[in-house]
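Report on one structure; see the data block that follows.
Naming: A, B, ... by sequence-line order, numbering from 1 per chain.
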2 protein chains.
Amino acid sequence: MAKAGSGNSCGSRAEKVSLPDVAWAEELAKLTWALAHPARVRIVRLLLQRDSCLCGEIVEAMPLAQSTVSQHLKILKESGLVQGEIDGPRVCYCIHPKAMQRLKQLVAEL
Amino acid sequence: MAKAGSGNSCGSRAEKVSLPDVAWAEELAKLTWALAHPARVRIVRLLLQRDSCLCGEIVEAMPLAQSTVSQHLKILKESGLVQGEIDGPRVCYCIHPKAMQRLKQLVAEL
DNA sequence: TATGTATATCGTTAATCGACGATAAGCGTT
DNA sequence: AACGCTTATCGTCGATTAACGATATACATA
(Lines give C-alpha, C1' and ligand atoms only; values in the text may rest on other atoms or scores of the structure.)
Protein backbone atom coordinates (compact mmCIF):
# COMPACT_ATOMS: atom_id res chain seq x y z
CA MET A 1 0.00 0.00 0.00
CA ALA A 2 1.27 3.36 -0.87
CA LYS A 3 2.13 5.76 1.80
CA ALA A 4 0.03 8.54 1.46
CA GLY A 5 1.60 11.73 1.13
CA SER A 6 -0.31 14.69 2.06
CA GLY A 7 -1.54 16.75 -0.75
CA ASN A 8 -3.30 14.02 -2.55
CA SER A 9 -6.65 14.13 -4.17
CA CYS A 10 -8.46 12.76 -1.18
CA GLY A 11 -10.68 15.53 -0.07
CA SER A 12 -11.58 14.88 3.48
CA ARG A 13 -14.81 16.79 3.39
CA ALA A 14 -17.27 15.97 6.04
CA GLU A 15 -20.40 16.46 4.01
CA LYS A 16 -23.00 13.76 4.00
CA VAL A 17 -22.74 11.46 1.07
CA SER A 18 -25.90 10.95 -0.89
CA LEU A 19 -26.82 7.46 -1.96
CA PRO A 20 -26.70 6.59 -5.59
CA ASP A 21 -29.95 5.41 -7.01
CA VAL A 22 -30.61 1.96 -5.67
CA ALA A 23 -32.76 0.80 -8.54
CA TRP A 24 -30.16 2.00 -10.98
CA ALA A 25 -27.50 0.04 -9.17
CA GLU A 26 -29.63 -3.06 -9.22
CA GLU A 27 -30.30 -2.78 -12.90
CA LEU A 28 -26.65 -2.42 -13.76
CA ALA A 29 -25.67 -5.18 -11.34
CA LYS A 30 -28.17 -7.51 -12.95
CA LEU A 31 -26.80 -6.87 -16.41
CA THR A 32 -23.16 -7.03 -15.44
CA TRP A 33 -23.77 -10.17 -13.47
CA ALA A 34 -24.96 -11.83 -16.66
CA LEU A 35 -21.52 -11.15 -18.12
CA ALA A 36 -19.66 -12.02 -14.95
CA HIS A 37 -18.57 -15.42 -16.17
CA PRO A 38 -16.21 -16.14 -19.06
CA ALA A 39 -18.53 -18.71 -20.55
CA ARG A 40 -21.37 -16.22 -20.71
CA VAL A 41 -19.14 -13.56 -22.20
CA ARG A 42 -18.15 -16.00 -24.89
CA ILE A 43 -21.73 -16.93 -25.61
CA VAL A 44 -22.71 -13.30 -25.95
CA ARG A 45 -19.73 -12.65 -28.17
CA LEU A 46 -20.67 -15.59 -30.31
CA LEU A 47 -24.22 -14.38 -30.71
CA LEU A 48 -23.08 -10.92 -31.63
CA GLN A 49 -20.63 -12.21 -34.19
CA ARG A 50 -23.05 -14.59 -35.78
CA ASP A 51 -26.14 -12.55 -35.25
CA SER A 52 -27.96 -15.66 -34.15
CA CYS A 53 -27.06 -19.17 -33.26
CA LEU A 54 -28.72 -22.49 -32.67
CA CYS A 55 -28.33 -23.85 -29.20
CA GLY A 56 -26.46 -26.88 -30.50
CA GLU A 57 -23.88 -24.68 -32.17
CA ILE A 58 -23.26 -22.86 -28.94
CA VAL A 59 -22.84 -26.13 -27.10
CA GLU A 60 -20.35 -27.30 -29.71
CA ALA A 61 -18.37 -24.10 -29.44
CA MET A 62 -18.04 -24.30 -25.69
CA PRO A 63 -15.91 -26.77 -23.71
CA LEU A 64 -18.79 -27.48 -21.36
CA ALA A 65 -21.52 -30.02 -21.01
CA GLN A 66 -24.79 -29.32 -22.74
CA SER A 67 -26.62 -28.93 -19.46
CA THR A 68 -24.09 -26.39 -18.25
CA VAL A 69 -24.41 -24.34 -21.40
CA SER A 70 -28.16 -24.50 -21.04
CA GLN A 71 -27.83 -23.11 -17.53
CA HIS A 72 -25.74 -20.21 -18.75
CA LEU A 73 -28.24 -19.53 -21.49
CA LYS A 74 -30.99 -19.48 -18.91
CA ILE A 75 -29.10 -16.88 -16.91
CA LEU A 76 -28.54 -14.80 -20.01
CA LYS A 77 -32.21 -15.02 -20.87
CA GLU A 78 -33.20 -13.99 -17.36
CA SER A 79 -30.97 -10.94 -17.60
CA GLY A 80 -32.74 -9.97 -20.79
CA LEU A 81 -29.56 -9.84 -22.83
CA VAL A 82 -30.45 -12.91 -24.84
CA GLN A 83 -33.62 -14.20 -26.41
CA GLY A 84 -34.46 -17.72 -27.42
CA GLU A 85 -36.79 -18.52 -30.25
CA ILE A 86 -38.17 -21.97 -30.71
CA ASP A 87 -37.57 -23.17 -34.22
CA GLY A 88 -39.01 -26.59 -34.65
CA PRO A 89 -37.15 -29.00 -32.43
CA ARG A 90 -34.32 -26.52 -31.96
CA VAL A 91 -33.91 -23.19 -30.27
CA CYS A 92 -32.33 -20.22 -31.95
CA TYR A 93 -30.68 -17.73 -29.66
CA CYS A 94 -29.91 -14.15 -30.38
CA ILE A 95 -28.99 -10.98 -28.57
CA HIS A 96 -31.79 -8.72 -27.43
CA PRO A 97 -30.56 -5.47 -28.95
CA LYS A 98 -32.36 -3.16 -26.55
CA ALA A 99 -30.98 -4.87 -23.50
CA MET A 100 -27.49 -4.83 -24.95
CA GLN A 101 -27.83 -1.18 -25.74
CA ARG A 102 -29.07 -0.51 -22.24
CA LEU A 103 -26.05 -2.28 -20.77
CA LYS A 104 -23.69 -0.28 -22.92
CA GLN A 105 -25.44 2.91 -21.99
CA LEU A 106 -25.35 2.22 -18.28
CA VAL A 107 -21.67 1.35 -18.38
CA ALA A 108 -20.80 4.29 -20.57
CA GLU A 109 -22.63 6.61 -18.19
CA LEU A 110 -20.67 5.40 -15.24
CA MET B 1 -19.96 -11.37 -39.96
CA ALA B 2 -21.37 -13.85 -41.96
CA LYS B 3 -24.10 -13.73 -44.36
CA ALA B 4 -27.27 -12.80 -42.90
CA GLY B 5 -28.72 -15.94 -44.04
CA SER B 6 -32.01 -16.54 -45.55
CA GLY B 7 -35.09 -14.87 -44.45
CA ASN B 8 -35.51 -15.18 -40.77
CA SER B 9 -32.81 -14.05 -38.44
CA CYS B 10 -31.96 -17.55 -37.39
CA GLY B 11 -29.46 -18.67 -39.95
CA SER B 12 -29.30 -22.38 -39.69
CA ARG B 13 -25.93 -22.72 -41.33
CA ALA B 14 -23.89 -25.71 -40.43
CA GLU B 15 -20.51 -24.04 -40.49
CA LYS B 16 -18.19 -24.55 -37.56
CA VAL B 17 -18.30 -21.80 -35.03
CA SER B 18 -15.00 -20.27 -34.02
CA LEU B 19 -14.36 -19.59 -30.38
CA PRO B 20 -14.14 -16.06 -29.17
CA ASP B 21 -10.91 -15.12 -27.52
CA VAL B 22 -10.77 -16.82 -24.17
CA ALA B 23 -8.46 -14.34 -22.52
CA TRP B 24 -10.62 -11.50 -23.69
CA ALA B 25 -13.67 -13.17 -22.20
CA GLU B 26 -11.90 -13.65 -18.91
CA GLU B 27 -10.80 -10.06 -18.73
CA LEU B 28 -14.28 -8.76 -19.35
CA ALA B 29 -15.81 -11.29 -16.98
CA LYS B 30 -13.45 -10.23 -14.24
CA LEU B 31 -14.35 -6.58 -14.64
CA THR B 32 -18.07 -7.13 -14.96
CA TRP B 33 -18.02 -9.46 -12.01
CA ALA B 34 -16.72 -6.62 -9.88
CA LEU B 35 -19.88 -4.70 -10.76
CA ALA B 36 -22.15 -7.68 -10.44
CA HIS B 37 -23.50 -6.68 -7.06
CA PRO B 38 -25.64 -3.64 -6.30
CA ALA B 39 -23.50 -2.65 -3.35
CA ARG B 40 -20.39 -2.59 -5.49
CA VAL B 41 -22.12 -0.62 -8.21
CA ARG B 42 -23.13 1.94 -5.64
CA ILE B 43 -19.62 2.17 -4.26
CA VAL B 44 -18.19 2.72 -7.71
CA ARG B 45 -20.83 5.30 -8.43
CA LEU B 46 -20.04 7.07 -5.21
CA LEU B 47 -16.35 7.16 -5.98
CA LEU B 48 -16.97 8.52 -9.45
CA GLN B 49 -19.28 11.22 -8.18
CA ARG B 50 -17.02 12.34 -5.39
CA ASP B 51 -13.77 11.61 -7.14
CA SER B 52 -12.47 10.05 -3.98
CA CYS B 53 -13.91 8.95 -0.70
CA LEU B 54 -12.73 7.91 2.72
CA CYS B 55 -13.62 4.38 3.68
CA GLY B 56 -15.72 5.61 6.58
CA GLU B 57 -17.82 7.74 4.30
CA ILE B 58 -18.52 4.77 2.11
CA VAL B 59 -19.52 2.70 5.12
CA GLU B 60 -21.88 5.44 6.26
CA ALA B 61 -23.46 5.67 2.86
CA MET B 62 -24.18 1.98 2.65
CA PRO B 63 -26.76 0.01 4.63
CA LEU B 64 -24.23 -2.68 5.40
CA ALA B 65 -21.87 -3.55 8.19
CA GLN B 66 -18.38 -2.10 8.05
CA SER B 67 -16.83 -5.49 7.53
CA THR B 68 -19.14 -6.23 4.63
CA VAL B 69 -18.30 -2.96 2.94
CA SER B 70 -14.65 -3.73 3.47
CA GLN B 71 -15.12 -7.03 1.71
CA HIS B 72 -16.75 -5.36 -1.27
CA LEU B 73 -13.93 -2.85 -1.39
CA LYS B 74 -11.46 -5.69 -1.41
CA ILE B 75 -13.20 -7.24 -4.38
CA LEU B 76 -13.21 -3.93 -6.20
CA LYS B 77 -9.53 -3.50 -5.50
CA GLU B 78 -8.76 -6.99 -6.76
CA SER B 79 -10.58 -6.24 -9.98
CA GLY B 80 -8.39 -3.20 -10.45
CA LEU B 81 -11.32 -0.82 -10.72
CA VAL B 82 -10.62 0.80 -7.38
CA GLN B 83 -7.50 1.90 -5.59
CA GLY B 84 -7.02 2.48 -1.89
CA GLU B 85 -4.52 4.92 -0.56
CA ILE B 86 -3.58 4.99 3.09
CA ASP B 87 -3.99 8.45 4.48
CA GLY B 88 -2.96 8.49 8.07
CA PRO B 89 -5.27 6.29 10.04
CA ARG B 90 -7.81 6.27 7.24
CA VAL B 91 -7.95 4.90 3.75
CA CYS B 92 -8.96 6.97 0.81
CA TYR B 93 -10.50 5.10 -2.08
CA CYS B 94 -10.75 6.23 -5.64
CA ILE B 95 -11.44 4.83 -9.06
CA HIS B 96 -8.53 3.59 -11.11
CA PRO B 97 -9.21 5.53 -14.30
CA LYS B 98 -7.40 3.18 -16.65
CA ALA B 99 -9.27 0.15 -15.41
CA MET B 100 -12.56 1.98 -15.67
CA GLN B 101 -11.72 3.05 -19.16
CA ARG B 102 -10.80 -0.49 -20.06
CA LEU B 103 -14.12 -1.76 -18.79
CA LYS B 104 -15.99 0.83 -20.79
CA GLN B 105 -14.00 0.01 -23.86
CA LEU B 106 -14.57 -3.72 -23.58
CA VAL B 107 -18.28 -3.29 -23.10
CA ALA B 108 -18.55 -0.73 -25.88
CA GLU B 109 -16.73 -3.09 -28.23
CA LEU B 110 -19.13 -5.87 -27.55
C1' DT C 1 3.74 4.00 26.16
C1' DA C 2 -0.94 3.91 26.28
C1' DT C 3 -5.26 5.10 24.17
C1' DG C 4 -8.63 5.88 20.81
C1' DT C 5 -9.98 5.75 15.98
C1' DA C 6 -10.18 3.65 11.49
C1' DT C 7 -9.83 -0.26 8.64
C1' DA C 8 -8.80 -5.07 7.53
C1' DT C 9 -9.10 -9.76 8.53
C1' DC C 10 -10.99 -13.94 10.78
C1' DG C 11 -14.53 -17.31 11.64
C1' DT C 12 -19.04 -18.64 11.00
C1' DT C 13 -23.40 -19.44 8.62
C1' DA C 14 -26.87 -19.65 5.02
C1' DA C 15 -27.41 -19.18 0.35
C1' DT C 16 -25.97 -19.42 -4.33
C1' DC C 17 -22.93 -20.81 -8.23
C1' DG C 18 -21.02 -23.85 -11.50
C1' DA C 19 -20.31 -28.16 -13.02
C1' DC C 20 -21.95 -32.67 -14.35
C1' DG C 21 -24.89 -36.84 -15.59
C1' DA C 22 -29.43 -38.40 -15.84
C1' DT C 23 -33.82 -37.60 -17.20
C1' DA C 24 -37.87 -35.16 -18.87
C1' DA C 25 -40.20 -32.46 -22.40
C1' DG C 26 -41.09 -30.77 -27.13
C1' DC C 27 -41.11 -31.45 -31.97
C1' DG C 28 -40.71 -33.78 -36.62
C1' DT C 29 -40.65 -37.97 -38.99
C1' DT C 30 -41.53 -42.63 -39.77
C1' DA D 1 -47.83 -44.41 -31.68
C1' DA D 2 -43.20 -44.86 -31.50
C1' DC D 3 -38.74 -43.19 -32.43
C1' DG D 4 -34.90 -39.98 -32.70
C1' DC D 5 -33.12 -35.50 -32.14
C1' DT D 6 -32.70 -31.25 -29.53
C1' DT D 7 -33.05 -28.62 -25.45
C1' DA D 8 -34.53 -27.84 -20.62
C1' DT D 9 -34.80 -29.29 -16.04
C1' DC D 10 -33.63 -32.11 -11.96
C1' DG D 11 -30.61 -33.73 -8.39
C1' DT D 12 -26.21 -33.66 -6.51
C1' DC D 13 -21.73 -32.11 -5.12
C1' DG D 14 -17.94 -29.06 -4.03
C1' DA D 15 -16.62 -24.33 -4.11
C1' DT D 16 -17.69 -19.66 -3.56
C1' DT D 17 -20.43 -15.56 -2.05
C1' DA D 18 -22.41 -12.45 1.08
C1' DA D 19 -23.47 -11.23 5.38
C1' DC D 20 -22.35 -10.46 10.19
C1' DG D 21 -19.87 -9.88 14.79
C1' DA D 22 -15.59 -10.24 16.89
C1' DT D 23 -10.99 -9.33 16.76
C1' DA D 24 -6.54 -7.87 15.02
C1' DT D 25 -3.78 -4.31 12.90
C1' DA D 26 -2.16 0.38 11.78
C1' DC D 27 -1.85 5.06 12.80
C1' DA D 28 -2.04 9.68 15.42
C1' DT D 29 -1.93 11.76 19.53
C1' DA D 30 -2.05 12.47 24.47
Spacing of [X] atom [atom1] relative to [N] atom [atom2], expressed in whole Å:
| X | N | atom1 | atom2 | value |
| --- | --- | --- | --- | --- |
| B:Asp87 | C:dT5 | CG | C1' | 14 Å |
| B:Leu73 | D:dA19 | CG | C1' | 15 Å |
| B:Ile75 | D:dT16 | CD1 | P | 13 Å |
| A:Glu78 | C:dT16 | CD | P | 13 Å |
| A:Ile43 | D:dT7 | CD1 | P | 13 Å |
| A:Gln71 | C:dC20 | CD | C1' | 11 Å |
| A:Lys74 | D:dA8 | NZ | P | 10 Å |
| A:Glu57 | D:dT7 | CD | C1' | 14 Å |

Using a cut-off of 4.0 Å on non-hydrogen atoms, how would the nucleic acid contact of B:Leu64 be classed: base, sugar-phosphate, or nothing? sugar-phosphate
When we call it a touch if two heavy atoms are under 4.0 Å apart, what does B:Gln66 touch: a base, just sugar-phosphate, or nothing? base
Counting only side-chain N and O atoms of [X], is one of them less than 4.0 Å from OP1 or OP2 of [N]?
| X | N | value |
| --- | --- | --- |
| B:His72 | D:dT17 | no |
| A:Tyr93 | D:dT6 | no |
| A:Thr68 | C:dA19 | no |
| A:Arg40 | C:dG18 | yes |

Please tell me whether A:Gln101 and A:Gln105 have a donor and an acceptor in their side chains that are separated by less than 3.5 angstrom. no
Using the salt bridge (Lys or Arg N to Asp or Glu O under 4.0 Å) rule, collect all pairs that involve residues 91-104 of chain A, keeping only residues at least two apart or in two chains. A:Glu27-A:Arg102
Is any side-chain heavy atom of A:Trp24 less than 4.5 Å from a side-chain heavy atom of B:Val41? yes
Among [options], the nucleotide that comes nearest once only the side chain of [X] is considered:
| X | options | answer |
| --- | --- | --- |
| A:Ser70 | C:dC20, D:dA8, C:dA19 | D:dA8 |
| A:Val91 | C:dA6, D:dT7, D:dT17 | D:dT7 |
| A:Pro89 | C:dA6, C:dC27, D:dT7 | C:dC27 |
| B:His37 | D:dA19, C:dT7, C:dA19 | D:dA19 |
| B:Ala65 | D:dC20, C:dA8, C:dC20 | D:dC20 |

Ignoring hydrogens, what is the shortest heavy-atom contact between A:Ala36 and B:Ala36? Give both atom names and the distance. CB-CB, 4.0 Å
Between A:Ala39 and A:Gly88, whichever has its closest DNA chain C nucleotide further toward 5' is A:Ala39
Taking B:Leu54's backbone N and O only, do any of them form a donor-acceptor pair with B:Arg90's side chain (distance below 3.5 Å, no angle check)? no
